[in-house]
Amino acid sequence: MIYLLHKLSPIRPALTSLFLTLALLFLSASFSSAAELSITQNQLPVNLGPYLDYFEDSDRAYTIEQMTSDSINWQRSTQAIPTMGMSKSAHWFSIVLSGENMLDKDLVFALGSPVIDRVEFYFVDGDTVIRTSVVGDTIPLSQLDYPYRFPIVPFEIAEEGKYNKIIFRAVSSTGVEIPLILTTASLLAESQQSILVFDGALLMIFLFCFGITVILFNFTRDPLLFGVSLFFAAGTIFLLTQTGLGRIWFWPESIDANTRISLIASTCLVASICLVGRALQFENRYRDSANIVLRFLTYSMIPLGLYYLIIPLDQINSDNVIPIMMIGLLVMVAVLIMASITATQGSKAAIYLVTAWVLIVLAYSSLLVYKFELIERAAASPIIGAALAVAAVMFLLMAMAEFVSSKSDELVDARMETKAKTDFLKNVSREFLTPVHLILANSKRLMAAHSDKLDDPTKQHMATVIKQSGHLHNLINDLLEMAELESDSFEPEFELVEMTRFLGEIKNTMSPSIMEKGLQLETEFASSNLLVQTDKLRLQHVLINIITNAIKFTEKGSILLAYKAVYFHRRLGIEISIEDTGRGMSSEFQQILFREFSREEEGSEKDPQGTGLGLVIVKRMIEKLGGEITFESQQNAGSRFHIKLPLRVIKD
């Protein structure tokens, strides 16, 4: 061995030189592969993500001059789509490109991220910037070389044997992901056709669902349908911002609309989810507490949305975006738990709702995991999220269909129950009416025939019997009238009524009672010979009832009966007014005025002031005639009732 080493010692310097040369060549080759990517036409389109070098500028202080120097510690990306997450930092990227036989190609860089705020591209020759291009959703479309829904930058490849160095800087308040590809304009247009069809279809689905739920809400007035309607409305707007289609169609020249509208739509989505949770009907000891929290979050979204509307654009960053994203996730999970409890308690609609909510949580989580830099954004992430959203929408529609079906069944059952109660009430009232009428009539006859033979206590007792019998008689008549109004067989008998003459008859009928109390009945007719199609007897009953109440509760002054022509529900109509100078009504009683058996009485039960059904009958009668009744009242200052009716009734 010693002999062999002695023989090789003369060539040791040569071996050393050879080794150093090979090492330098290897490092040079390694550096070249790290810094330069050579592309041929057949390779297009090329995903550039794995070939990018990146540098995080946490203070956003570096300039392009500093980035072209050799002092920057670039790091090589290990991701197909570099995913930087949400932060206040600016992120710099660098790549060196060369190509063969592509001088005549219309090359472009396509950055498939519609919601990135601003990207500044610098094309560098040595240390000199020879061209710049600024893109992003804060740049008006008119200032872009390629006005499209996501950033596109034109690119000219260098001649063979030369290379292009590109450095670009990206900032965004909602996270930085760089799905950058090099392609041609024609290839890009071809690849985008199917994506645009998919995005357009998704928007149409959301709009269709919004229309359906709005129609259902208008019929049912159910809070669950209101929450789902708001969800689809906000979801449609959110999709417009996330796909970039909103910039193309609605706000092409705005520098901040996409960011602000996206955040405001997010607050509306959170509010809609809270409304859905509050509308769920289930039995649990924590339900009231959960509803209080959801109610607070619902109303808190209003100032938060206004905050995103007025805050300066440069102050919108991860610090004020992350909270709404986390609140949204927590609310989704909470409502999912509430829907699960509802489903376990036998609600079929809640079963579909749980499935839809699981899909929504998964779709939202697929967005959050790369926004928070937990995993790399995959090329298929937007498609997966959209597919989950479509599936969730289908199950939401199934939940709404089941919900409406259950409500319809409940309505049918309620109508049958109401009809049974009405029939029972009608039959029993008729059975009571005959003996009560006999008691009242015989008591009056006895009082009139033998009044001089009765002592004072007996007279008082007889007067009490007559008064209470009269009250009971009126109550039974009112109950019978209410039963008739609620029955399916009730049909008003419409005829043309000349209003001035009709109200004159009402005045003549009520004048004796008004004069007996020392009051005055005034009239004020703004029109003459006005013909109204209505049920004369029913309207007469209504007006006499209201005027009777006015007489009862007015001690001095006057009662005004007036009418005038008005527009009612965008058609010609009439407004009849009855105004008195009586004691008026308290604000508390006004809240329950049209509720059954509600009375504002100063006497006791032994001195009844009415049945508490008169105005209820009046309101329902006016509604049957196609009109409405409103009132104004102030305690100790009188009341004024307004009855509006159409001139002509349009039957369904």
Side-chain angles (χ1 to χ4, degrees), residues 204-237 268-284 287-288 290-291 294-295 297-299 301 331 335-336 338-343 345-357 360 392-422 485-488 490 569-570 591-592 594-596 616 619-620 622-624 626-629 650-652:
M204 291 305 298
I205 290 172
F206 266 72
L207 279 174
F208 172 76
C209 294
F210 170 67
I212 292 295
T213 50
V214 165
I215 292 172
L216 292 175
F217 172 71
N218 285 334
F219 279 105
T220 64
R221 296 293 173 180
D222 191 275
L224 177 62
L225 289 170
F226 177 73
V228 176
S229 300
L230 181 59
F231 175 82
F232 283 123
T236 301
I237 297 172
C268 293
L269 282 170
V270 173
S272 70
I273 296 169
C274 292
L275 289 172
V276 170
R278 290 171 56 190
L280 293 174
Q281 301 295 325
F282 63 94
E283 297 296 330
N284 189 275
R287 180 175 181 269
D288 292 339
N291 281 339
L294 291 177
R295 185 183 299 112
L297 289 174
T298 302
Y299 292 120
M301 290 301 107
V331 169
V335 174
L336 175 60
M338 296 169 71
S340 301
I341 296 173
T342 308
Q345 295 179 357
S347 172
K348 293 182 180 179
I351 296 174
Y352 294 116
L353 188 61
V354 168
T355 307
W357 230 247
I360 290 172
V393 166
M394 295 300 104
F395 278 101
L396 265 179
L397 285 180
M398 293 169 68
M400 292 304 100
E402 182 62 36
F403 176 77
V404 171
S405 176
S406 63
K407 286 292 183 182
S408 178
D409 293 341
E410 290 176 6
L411 183 61
V412 171
D413 293 341
R415 283 180 175 175
M416 293 181 64
E417 185 178 349
T418 301
K419 185 178 184 302
K421 289 180 179 179
T422 301
L485 286 172
E486 292 178 354
S487 67
D488 296 332
F490 177 82
H569 292 171
R570 289 189 254 180
Q591 303 299 320
I592 60 171
F594 295 115
R595 189 179 299 172
E596 291 89 343
V616 179
K619 184 175 186 297
R620 295 184 183 179
I622 292 297
E623 290 172 351
K624 292 285 187 179
E628 66 179 22
I629 180 170
I650 299 178
K651 296 184 179 181
D652 298 333

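All heavy atoms count here, side chains included; hydrogens, waters and symmetry mates do not.
- Here the shortest heavy-atom pairing between Leu397 and Cys209 reads CD1-SG, 3.5 Å.
- Expressed to the nearest 0.5 Å, how far SG of Cys274 lies from CE of Met301 amounts to 6.5 Å.
- Note that the CG atom of Leu225 and the CE atom of Met400 stand 6.0 Å from one another [nearest 0.5 Å].
- In this structure, CD on Glu283 lies 6.5 Å from CD on Gln345, to the nearest 0.5 angstrom.
- Remark: Ile215 CD1 to Thr220 OG1 distance equals 11.5 Å, nearest 0.5 Å.
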#### Entry: Criterion side-chain contact (heavy atoms from CB on, under 4.5 Å) on Val276 and Phe231, from CA distance to verdict
CA-CA 9 Å; Val276 170; Phe231 175 82; 5.6 Å; no
### Message
Using the rule given for side-chain contact (heavy atoms from CB on, under 4.5 Å), can you reason through Arg278 versus Arg295, listing the C-alpha separation, both sets of side-chain angles and the distance that settles it, and then say yes or no?
### Response
CA-CA 7 Å; Arg278 290 171 56 190; Arg295 185 183 299 112; 3.6 Å; yes
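- The heavy-atom pair separating Leu353 from Ala399 by the smallest distance is N-CB, 3.8 Å.
- When Phe206, Phe208, Phe210, Phe226 are each tested for a ring-ring contact (aromatic ring centres under 6.0 Å, His included) with Phe232, only one passes: Phe206.
- Leu280 approaches Val335 most closely through the heavy-atom pair CD1-O, 4.2 Å.
- Of all heavy-atom pairs between Asn291 and Met338, the closest is OD1-CE, 4.1 Å.
- Using a 4.5 Å heavy-atom threshold, the side chains of Ile360 and Ile273 count as separate.
- Taking OH from Tyr352 and OG1 from Thr355, the interatomic distance works out to 8.5 Å, rounded to the nearest 0.5 Å.
- Closest of all the heavy-atom pairs between Leu336 and Trp357 is N-CD1, 3.6 Å.
- The nearest pair of heavy atoms linking Ala350 to Ala343 is CB-N, 3.6 Å.
- A side chain to side chain donor-acceptor pair (under 3.5 Å) check over residues 395-404, counting only residues at least two apart or in different chains, returns nothing.
- For the pair Arg221 and Phe217, the cation sits on the ring face: its NZ or CZ lies under 6.0 Å from the ring centre, inside 45° of the axis.
- Counting only heavy atoms from C-beta outward, the side chains of Arg287 and Thr342 never approach each other to under 4.5 Å.
- Considering OG1 of Thr213 and CG of Leu224, their distance stands at 10.0 Å, rounded to 0.5 Å.
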